[in-house]
Number of protein chains: 4
Amino acid sequence: MAEHRTGPVRSEQARVDILSAAAHLFASRGYEHLTMEGIAAEAGVGKQTIYRWWGSKGGVVAECLIEGMLLPIRPAPSDSGDLRADLSIWLTEILEGIELLGGNAFLRSLIVAAAESDEVGARLRVSLGADASVVSRLRAAVRSGELRADAPLEEIGQALIGAVLVRAVMRLPSLQVGAADRIVDAVLGELR
Amino acid sequence: MAEHRTGPVRSEQARVDILSAAAHLFASRGYEHLTMEGIAAEAGVGKQTIYRWWGSKGGVVAECLIEGMLLPIRPAPSDSGDLRADLSIWLTEILEGIELLGGNAFLRSLIVAAAESDEVGARLRVSLGADASVVSRLRAAVRSGELRADAPLEEIGQALIGAVLVRAVMRLPSLQVGAADRIVDAVLGELR
Amino acid sequence: MAEHRTGPVRSEQARVDILSAAAHLFASRGYEHLTMEGIAAEAGVGKQTIYRWWGSKGGVVAECLIEGMLLPIRPAPSDSGDLRADLSIWLTEILEGIELLGGNAFLRSLIVAAAESDEVGARLRVSLGADASVVSRLRAAVRSGELRADAPLEEIGQALIGAVLVRAVMRLPSLQVGAADRIVDAVLGELR
Amino acid sequence: MAEHRTGPVRSEQARVDILSAAAHLFASRGYEHLTMEGIAAEAGVGKQTIYRWWGSKGGVVAECLIEGMLLPIRPAPSDSGDLRADLSIWLTEILEGIELLGGNAFLRSLIVAAAESDEVGARLRVSLGADASVVSRLRAAVRSGELRADAPLEEIGQALIGAVLVRAVMRLPSLQVGAADRIVDAVLGELR
DNA sequence: TAATAACCGAGACGGTACGTCTCGTCTTTTA
DNA sequence: TAAAAGACGAGACGTACCGTCTCGGTTATTA
């Protein structure tokens, strides 16, 4: 038995306008200057329409992430048989994506958003790739003998992404060429 | 020839009261609920006295870090000759310190503060130990042959700390026993 | 064709609460101690709600005057055929009204408010009666021959009210019995 | 027996600098924008030096009045035998003086200062001439028969000055030519 | 000719109020 | 009945002044 409802249905237009406005303002002014009122004004939408569907700024930003409006959704690292090369390419893409969007300043905004909102945090894990996708590539490496059987796969993934975040948070110089290689090198070591 | 200035001198009492109030409120309510008015009220101080000496919340928090009022200042990893053991002990201490102060929620607050304020960011690097102290321990490891000569020492340090941060930011389960070991294992590998 | 606007309408409750609070605080503490924050707190209203509708303290006080919440709105002097008696009664009522509300101190507050805000100044002219109402009584006196045809009617009205104000401003002893008569006598002279 | 005191004596330089600064700021920005800090800065003086000798802004302004730094001290109306002419000249001078210094806006500032400070109020009475000097001229007029013996002399003086103040307070159009004559006419009437 | 006051400039201090901004909720009208 | 518009109570922001209280440095007496 389908449940019936009368009246207009959620406006897809409004939803898209809000997400676009949020993504645009996030990119141009950063999460700390992102306000509900600003999003509503930019989107040409009542504030209530935002609060009706999302509980907070964080929720809106999280949905932007899901939709790939803030960060292009990361592909999994590919499997060419050479783990180091695969991870290096994958990390390079991430670093370049961030650089394109504003570099460390943008990344810091993203980190603040993630730290303030569990929705964003959870989403960012996917968008940045610090999740199953790396782990499954690492698992393949275990199978192929590139990594030993009891290697702490999740921690390796986290160390790779973490090395990127930490540079943004702690104001180390912005990312340079070769950074991805050095990070992979740092985590995977010479001859593993 | 010393330069002379007349007039009253900065009140050390007020400075300490402000930092104590800020540290206390940070610890109990988190950075996002930390307000200049709250600090002033808690410290029994005029707001202007805060603005006179610090330009922002971030500045105050950074000085709290310097004074070791938020995080105990980290000792360098010791050098017992066994790099993995030394790093593991050092990282365990850091994790326990954070856990004691509120765990990942506290760490997230710290990260937000660091991401929003370059002063805090720079200070946090020292307080969390993601700086010269690890690197110099790693350098010793190079000399003793535990690490190869061209290992990317800074990136190794960042990967270690980054693995801790990333778990907080991305809402991975709070830190457990053995976490330090696994992180060190992830970064240093089996038999380096 | 009426212009339409969507959205909530101005809250009459808030408006009245604000004016009551302002009038009450003015009467009890004087204009110089009247603060926007005090009004907002007393009225149980956000400060922004005051600023949304009035630009300044002066505007609020002016509207209090319009509403007769500070000074009862003055009736015009009546016309019994005896100008001096009519003016004397009228001025006596004004003096008694002021005396009741705090005497010269209250009047000084009113004068400060008027001097600082053109809205209050314009309104006070009406409330104190230094306007058309006296002049029209004087015009009747011209018609009945009590005043000569080219008497400077406006200046006469201003001199009457001015004699009251000047005693407040210049800290002359507070108003006594017979004051109204003497003022009317001073301005109209013996046998005009 | 003179009482003796050790230490330096009050600095005449500072006193004059403060009064000049106050008078200058009053003239250029008005009493409502006159601040103790502004005076101190303009005078190149410590705030305490002001508070040491005057209790308040009002006190400083009152002394400016005494020194004739805000308003030239008014001469008494002269006695040519023609009361109306004498008063008219005297009032014209007052109006011209005010006009020169900023007109009604300046006068309003003066009124606010007087209403807020009893020292200024008392002083202004002298400076504006609403005091013994008019009354004594009026008394001469009684003696010469121009005014009847029981005319309320003080109230006449107050009505004259009051008519000027009331125009400033109540935002009536700024003073015009002939105003003095009309005011004298209003108060003294045709043929007294 | 010290010692001792009080003056002076400078300005830090605890406060109060300012006017603005944003929050999240609530209310009204339109479609 | 969702959506736009936007008013509302709340409260933090950063600034301006308040009046008091140190600071050193600098005069004038007084011992």
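Below, all heavy atoms of this structure are taken into account, side chains as well, without hydrogens, waters or symmetry copies. Just so it is clear, the model here is predicted, and its values are computed rather than measured. So that the names make sense, note that chain A is the first sequence line, chain B the second, and so on, each numbered from 1.
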Exercise. Rounded off to whole Å, could you give me the NZ-to-P distance for the C:Lys57 and E:dC18 pair?
Key: 6 Å

Exercise. Could you tell me which non-hydrogen atom of B:Ala168 sits nearest to which non-hydrogen atom of B:Leu107, and how far apart they are?
Key: CB-CD2, 3.7 Å

Quiz item: Under the 3.5 angstrom rule, does the side chain of B:Lys57 hit a backbone N or O of B:Leu34 as a donor-acceptor pair?
Solution: yes

Quiz item: In residues 14-27 of chain D, which ones come under 4.0 Å of DNA chain E, going by heavy atoms?
Solution: none

Practice problem: Within residues 32-53 of chain B, find the residues that approach DNA chain F with a heavy atom at under 4.0 Å, and present them sorted by residue number. | Solution: B:Thr35, B:Met36, B:Glu37, B:Lys47, B:Gln48, B:Tyr51

Quiz item: Any N or O donor-acceptor pair linking the side chain of C:Thr6 to the base of F:dA5 at under 3.5 Å?
Solution: no

Self-check item: Stretch residues 108-115 of chain B: residues that reach within less than 4.0 Å of DNA chain E through a heavy atom
Solution: none

Quiz item: How far apart are the closest heavy atoms of D:Gly30 and D:Ser109, and which atoms are they?
Solution: CA-OG, 3.3 Å

Quiz item: Using the ring of each side chain (for Trp, its six-membered ring), is A:Tyr31 parallel, tilted or perpendicular to A:Phe26, with breaks at 30° and 60°?
Solution: tilted

Quiz prompt | Closest contact, heavy atoms only, A:Ile39 versus A:Ile18 | solution = CG2-O, 3.8 Å

Quiz item: Is B:Glu63 salt-bridged to B:Arg123, going by a charged N under 4.0 Å from an acidic O?
Solution: no

Quiz item: Do the numbers put C:Arg15 on top of the ring of C:Trp53, so that NZ or CZ is under 6.0 Å from the six-membered ring centre and no more than 45° off the axis?
Solution: no

Quiz prompt | Contact nearer the 5' end of DNA chain E, comparing C:Pro8 with B:Gly7 | solution = B:Gly7

Quiz prompt | D:Ser28 side-chain N/O to D:His24 backbone N/O, donor-acceptor pair under 3.5 Å | solution = yes

Quiz item: Are the side chain of A:Ser20 and the backbone of A:Val16 linked by a donor-acceptor contact shorter than 3.5 Å?
Solution: yes

Quiz item: Can you check whether C:Glu32's main-chain N or O pairs, donor with acceptor, with C:Arg29's side chain at less than 3.5 Å?
Solution: no

Exercise. Return the value, rounded to whole Å, for the distance between atom CD of B:Glu12 and atom C1' of E:dC13.
Key: 15 Å

